[in-house]
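Only this structure's heavy atoms are used, side chains among them; waters, hydrogens and symmetry mates stay out.
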Amino acid sequence: TGDDVTIDDAEGVDATVVLVSPVTIGSLSVGNLVSQQARLRVLSGLTVARTIKVNKNGVLEINSGAAGVTSAGASVAGTLQFAAGTLMGNATVTGKADFGGQAAKVFHNANVEGSSTEDIVAGGSMQFKGSSTVTGKSKVVASGNNMQCIVMDKSTGNSFVSTGFAWRQ
């Protein structure tokens, strides 16, 4: 608890760390700006007391119904791959925002701002709670057979807005 955690490719090969048990840490850095990929695959609860930084060669993958990532703030120059689970807190994505796949993704008290020119990938059930917002500066590309935006509570102000796409509560 409270530790600063760095996941990188120090051995010069792609690195993947899989989180299978809930943990609370102080800060998280994924990738170190060199050529190999560093990935954190979250399958359980991850609480980050301060900040998350995902460098250009980093991937933060949230990929299980039991997965949840909570942080005070995240800066993503690499990839935020949110396939299933819950995301809480603020995130700025200057890299790739991938919310594709058919599973449910819950944005709970979350504000995700995409400032990249890369397309935002969206799919499955995108569920909004606590006045959550997703905004982008690029177009939205739907993946799979089913994409839906759903309000899961009585909050207002939930939205998903990007170039050429707008869903507002």
Side-chain angles (χ1 to χ4, degrees), residues 5-9 14-17 19 25 27-43 45-64 67-101 103-144 147-149 157-168:
V5 176
T6 300
I7 298 169
D8 64 22
D9 58 345
D14 289 351
T16 298
V17 173
L19 177 68
I25 60 175
S27 68
L28 173 66
S29 178
V30 181
N32 60 1
L33 302 175
V34 294
S35 60
Q36 306 300 343
Q37 185 182 79
R39 173 184 298 264
L40 173 60
R41 181 173 298 134
V42 180
L43 303 178
L46 172 63
T47 301
V48 181
R50 293 181 303 280
T51 58
I52 296 173
K53 181 177 182 182
V54 180
N55 291 302
K56 286 187 179 191
N57 68 323
V59 178
L60 175 58
E61 176 186 341
I62 308 165
N63 197 358
S64 163
V69 173
T70 303
S71 79
S75 171
V76 181
T79 301
L80 173 59
Q81 185 176 10
F82 186 18
T86 301
L87 179 64
M88 296 178 73
N90 299 318
T92 300
V93 182
T94 57
K96 182 174 183 171
D98 182 351
F99 310 132
K105 292 155 271 298
V106 179
F107 297 86
H108 188 188
N109 296 323
N111 295 296
V112 180
E113 180 184 339
S115 61
S116 174
T117 57
E118 285 198 51
D119 294 345
I120 297 172
V121 179
S125 177
M126 298 181 66
Q127 302 174 6
F128 293 79
K129 291 180 168 183
S131 301
S132 293
T133 61
V134 175
T135 58
K137 293 185 177 180
S138 59
K139 67 182 180 179
V140 175
V141 176
S143 71
M147 182 195 157
Q148 48 186 281
C149 295
N158 296 289
S159 64
F160 182 9
V161 178
S162 197
T163 303
F165 179 88
W167 170 82
R168 291 181 179 90

Non-hydrogen atoms of [X] and [Y] that approach each other most closely:
X	Y	result
Thr94	Ser116	O-CB, 3.3 Å
Gly124	Lys105	CA-NZ, 4.2 Å
Val48	Leu28	CG1-N, 4.1 Å
Asp14	Gln36	OD1-OE1, 3.1 Å
Ala122	Met126	CB-SD, 3.8 Å
Asn63	Leu43	O-CD2, 3.3 Å

What is the distance from atom [atom1] of [X] to atom [atom2] of [Y], rounded to the nearest 0.5 Å?
X	Y	atom1	atom2	result
Thr117	Lys96	OG1	NZ	12.0 Å
Thr70	Leu46	OG1	CG	8.0 Å
Trp167	Met147	CH2	CE	9.5 Å
Ile120	Leu80	CD1	CG	10.5 Å
Gln37	Lys56	CD	NZ	15.0 Å
Met88	Ser132	CE	OG	8.5 Å

Side-chain donor-acceptor contact under 3.5 Å, Gln81 with Arg41: no
Go through the side-chain N and O atoms of Asn111 and Thr133 and say whether any donor and acceptor fall under 3.5 Å apart. yes
Donor-acceptor under 3.5 Å ([X] side chain, [Y] main chain):
X	Y	value
Ser75	Lys53	no
Ser125	Ala104	no
Asn90	Gly73	no
Asp119	Val121	no
Asn57	Asn32	yes
Ser27	Ala49	no
Lys137	Glu118	no
Thr135	Val161	no

For residues Phe107 and Phe82, establish whether the separation of their ring centroids is below 6.0 Å. yes
Between Val69 and Ile52, does the side chain to side chain contact (heavy atoms under 4.5 Å, CB included) criterion hold? Intermediate values first, please. CA-CA 10 Å; Val69 173; Ile52 296 173; 3.8 Å; yes
With side chain to side chain contact (heavy atoms under 4.5 Å, CB included) as the test, would you mind laying out the steps for Glu61 and Arg39 before giving the verdict? CA-CA 7 Å; Glu61 176 186 341; Arg39 173 184 298 264; 2.6 Å; yes
Side chains of [X] and [Y] in contact at under 4.5 Å (non-hydrogen atoms):
X	Y	value
Val140	Ser162	yes
Lys129	Val106	yes
Val112	Leu87	yes

